[in-house]
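Scroll down for the structure; my scribbles are underneath it.
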Amino acid sequence: MFLRFKDEVASVLSSALAKAGFEIDDLALHESPHADIASSVAFRLAPEYKRNPKEICEAIYKNIRITPDSYIERAEMVGPYINFFVSRTLLNETVLRVLLEREDFGVLEKKGAVILEHTSANPDGPLHIGHIRNSVIGDTLARILKRAGYDVRTQYYINDMGRQIAVVVWGLMNFEFDKTKKPDHAIAEIYINANKTLVDEKEHSPEVDALMKKYENGDPETVQRFKDAIDTAMHGIEESLRRMNISHDEFIWESRFVRTGDVSRVMERIKKLNCAMIKDGALMVDLKDMDIQKPLVVQRSDGTSLYTTRDLAYHEWKAAMCDRMIDILGADHKLISSQLKAVLRLLGLPEPEIVIFEFVSLPEGSMSTRRGVFISADELLDEVERAAYSEVNKKRPDTDEEFKKKVAAFVSIGAVRYDIIRVSPDKATTFDWREALDFEKQGAPFIQYAHARACSIIKNAQDGGIAFESYDPNLLVEEQETALIKKLASFDSTIDSASRGLKPHIVAIYARELADVFNQFYKYVPVLSAEPEFRAARLALVDCSRIVLANALDTLGIAAPESM
RNA sequence: GGGCUCGUGGCUUAGCCCGGAUAUAGCGCUGGGCUUCUAACCCAGAUGUCGAGGGUUCGAAUCCCUCCGGGCCCGCCA
């Protein structure tokens, strides 16, 4: 709805500009507290046409023509600014469209296949609070892109050829696996012990190297050992992801690209590149021309491949199946991902779009699975759920046990996801228990609560046999009502900008603002006790709010409860 | 040392790409509001040299330069 409004403003302004005899590409449109959309284009024109901005503004303003059915109500001139306001038509059509399209409201018409890779944590232990920043950003982005219209598939790239997995396998051969623990946690225990032993007793190091070699060569017994170890860890990892409402469409093992020969083919092609060079028997690519000072090694002197080489083959394979590749990566991958892109470009292959998120650290420093210094996603979720339970217990003492547990579960998952997604990926954060367990702040529960309130009104109406199939949207004229409808109308432009910029936090902010305006409406505008014709119109608006709140929450992967 | 990135009230944070009209919101703080649809709510108030300095511009949180502080990276690791 807002997308069309913006388009109309742009075209109305462009033709006014043309009629007034001005020429400029940038319409200088921006959001403003003074209007639904404002333009400061007169300022831009002033120096070129050597007239004062106000004069220019008047000339443009005089030429503005708005058609009767437009989404623009009127334009107004304030000093050198032109302010545009949304029309009743837009407001009414918003209500109509939401009720018609329901869960599809806000679905855009972008086309194309997207493969989005996220999480891809090494299967050497459980997901920790750093990993899930990746998972939540990735999953939310996948949901945003789906709503934008793309055909999205998510992939988890399993690094099964790295040394850390060989260490896990070696550990499983030398230490006892604790079957009573969640499998990914039991694997972490093995991994931590094995690392400690390998540091203390250096003589075992060649045993790990031998495992890696045998795995790369495809020795059946070793392959089985690796597979068992990884499946065990992945079983636990997937369970944690599922708990957070996250699932992957595919799991891609990096070893497959070695086995299919894709990796050797990529290395052969790199050898033919002008910037390829052999140094001390290793194949490397000089990337100075791409503004990267560090050359990239793609083949060891013993002829084996490296992580990046396999990643190159992975991307070549992916590119053939989609129009866009998107990778969600931690800040430690900044250099390596720009090297990856540079080599792909040199090879004439499509490059992925990379979303980098900054690190999550603990107050005492950075996390490390290897050293056992981390807070697991499971631990975080458990603690938050416990806090959420005591909150429901306090707020709804009248309800039964099953209800409280159910509410604690969706509130905690929502709170965790929202806390992660609300901040821009390029802010480094320090984890804070007090912050994580705080339910007073405006977060997911606030939005879920607004949704539950809307559901409650609808339910009360239904229980009372009050129908609202026919209603007149023109009766929705209170300040809180129009503010609410405008917010509903901007859901499409929110999805549009979030998907364009791959910025999931925009949707998080939108959901919070929508809940905010709904709560104000709820407070000041009576629904069920209003006169029948107003009651019907307001019930329709409540239903719209419920639908869009649910859509926004769904886009964030957060449950939209009917009651809490 | 070099590269990338972040720095916005006591704390957390939006806006920065694409410069505009009183800088966004939350927590916390002060005060107020439940005989009305769920108070996990709402209203009012105090709190800011937008890290510092310079420059560009009619206009800078936003663009450019320098500096300071935090994070990440700079392996024939992944």
Side-chain angles (χ1 to χ4, degrees), chain A residues 26 28-35 38-44 46-47 52-53 78-81 83 122 124 159 161-165 254 279-284 291-294 297-308 310-311 330-336 338 356 358-359 361 366 388 391-392 394-396 407 411 419 422-424 426-430 432 434-435 438-450 452-461 464 501 505-506 508-509 512-513 515-516 519-520 522-530 538-539 542 563-564:
Chain A
D26 186 4
L29 292 171
H30 56 96
E31 283 171 31
S32 158
H34 312 281
S39 172
S40 54
V41 71
F43 281 112
R44 308 281 155 102
N52 79 59
V78 181
Y81 297 95
N83 293 336
N122 290 329
D124 52 17
N159 303 136
M161 301 200 71
R163 188 179 173 83
Q164 74 287 113
I165 298 308
E254 65 169 333
K279 205 178 149 198
D280 302 326
L283 172 65
M284 41 184 89
D291 264 346
I292 297 168
Q293 296 311 310
K294 216 72 199 160
V297 178
V298 291
Q299 187 179 38
R300 293 191 182 94
S301 41
D302 67 359
T304 57
S305 63
L306 286 100
Y307 167 81
T308 321
R310 302 185 291 262
D311 213 11
D332 52 340
H333 283 70
K334 275 181 207 171
L335 175 62
I336 198 79
S338 57
I356 296 280
E358 291 290 335
F359 267 47
S361 55
S366 58
E391 208 68 20
V392 208
K394 209 163 40 186
K395 292 182 157 115
R396 303 293 301 274
V407 173
V411 162
D419 267 347
R422 59 180 251 272
V423 344
S424 163
D426 39 40
K427 298 261 189 195
T429 60
T430 303
D432 178 359
R434 206 193 66 238
E435 181 88 358
D438 179 13
F439 288 101
E440 295 310 309
K441 61 178 193 272
Q442 244 183 31
F446 174 82
I447 304 158
Q448 291 174 313
Y449 185 66
R453 279 178 144 182
C455 288
S456 174
I457 294 179
I458 300 293
K459 185 172 185 302
N460 288 340
H505 70 282
I506 292 178
I509 292 165
R512 194 205 68 213
E513 288 173 346
D516 212 345
N519 277 330
Q520 284 164 36
Y522 182 93
K523 173 73 186 177
Y524 291 104
V525 184
V527 177
L528 296 175
S529 60
R538 287 172 187 172
L539 275 167
V542 171
S563 173
M564 66 186 274

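Letters A, B, ... are given to chains in the order of the sequence lines, protein chains preceding strands, and every chain is numbered from 1.
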To the nearest Å, give me how far apart [atom1] ([X]) and [atom2] ([N]) are.
X       : N      : atom1 : atom2 : result
Q520(A) : C41(B) : CD    : C1'   : 11 Å
D426(A) : U13(B) : CG    : P     : 11 Å
K427(A) : G15(B) : NZ    : C1'   : 10 Å
Y522(A) : U36(B) : OH    : P     : 10 Å
D432(A) : C27(B) : CG    : P     : 16 Å
I506(A) : U13(B) : CD1   : P     : 17 Å
E31(A)  : U62(B) : CD    : C1'   : 15 Å
Y524(A) : C41(B) : OH    : P     : 15 Å

Among residues at least two apart in sequence or on other chains, which ones pass salt bridge (charged side-chain N to carboxylate O under 4.0 Å, His left out) with [X]?
X       : answer
D419(A) : R422(A), K441(A)
D26(A)  : R44(A)
E513(A) : K487(A)
K459(A) : D463(A)

What nucleic acid atoms does [X] come within less than 4.0 Å of, heavy atoms only: base, sugar-phosphate, or nothing?
X       : value
V407(A) : base
V411(A) : base
Q293(A) : nothing

[M] and [N], which share atom name [atom1], separated by this distance in whole Å:
N      : M      : atom1 : answer
A14(B) : G33(B) : C1'   : 29 Å
U5(B)  : U66(B) : P     : 14 Å
A21(B) : A25(B) : P     : 15 Å
C65(B) : A23(B) : C1'   : 25 Å
C50(B) : U8(B)  : C1'   : 4 Å
C67(B) : G2(B)  : P     : 9 Å
G54(B) : A61(B) : P     : 14 Å
U49(B) : U62(B) : P     : 16 Å

Task: Nucleotide-resolved protein contact map, nucleotides 70-78 of chain B, B/S/- at heavy-atom distance under 4.0 Å - done: -BSSSSBSB
- [ ] Determine, for nucleotides 18-26 of chain B in 5'-to-3' order, which nucleotides have protein heavy atoms under 4.0 Å from the base (write B), from only the sugar-phosphate (write S), or from neither (write -).
- [x] -SBBB--SS
Open item on the list: I want to check something: taking the side chain as every heavy atom from C-beta on, are V411(A) and E391(A) in contact at a cut-off of under 4.5 Å?
Closed with: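 Answer no - side chains too far apart.
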Open item on the list: Less than 4.5 Å apart, side chain to side chain, heavy atoms only: is that true for E254(A) and S305(A)?
Closed with: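 A side-chain contact is absent here, since even the closest heavy-atom pair is not under 4.5 Å.
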Task: Minimal non-hydrogen separation, S366(A) against S361(A), with atom names - done: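 Nearest heavy atoms, S366(A) then S361(A): CA-CB, 4.3 Å.
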Open item on the list: Could you identify the nucleotide paired to A52(B), looking across every strand shown and requiring Watson-Crick or G-U wobble geometry with both distances under 3.5 Å?
Closed with: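 U66(B) is the nucleotide pairing with A52(B).
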Task: Gap separating the CG atom of D516(A) from the CD1 atom of I509(A), nearest 0.5 angstrom - done: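 D516(A) atom CG to I509(A) atom CD1 measures 12.5 Å (nearest 0.5 Å).
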Task: Point-to-point distance, once rounded to the nearest 0.5 Å, from CG of L29(A) to OG of S40(A) - done: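 With rounding to 0.5 Å, CG (L29(A)) is 8.5 Å from OG (S40(A)).
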- [ ] Evaluate side chain to side chain donor-acceptor pair (under 3.5 Å) for R453(A) paired with N519(A), printing each intermediate quantity in order.
- [x] CA-CA 9 Å; R453(A) 279 178 144 182; N519(A) 277 330; 2.8 Å; yes
Open item on the list: Less than 4.0 angstrom between a side-chain N/O of N519(A) and OP1 or OP2 of C42(B), yes or no?
Closed with: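 The answer is yes; a side-chain N or O of N519(A) sits under 4.0 Å from OP1 or OP2.
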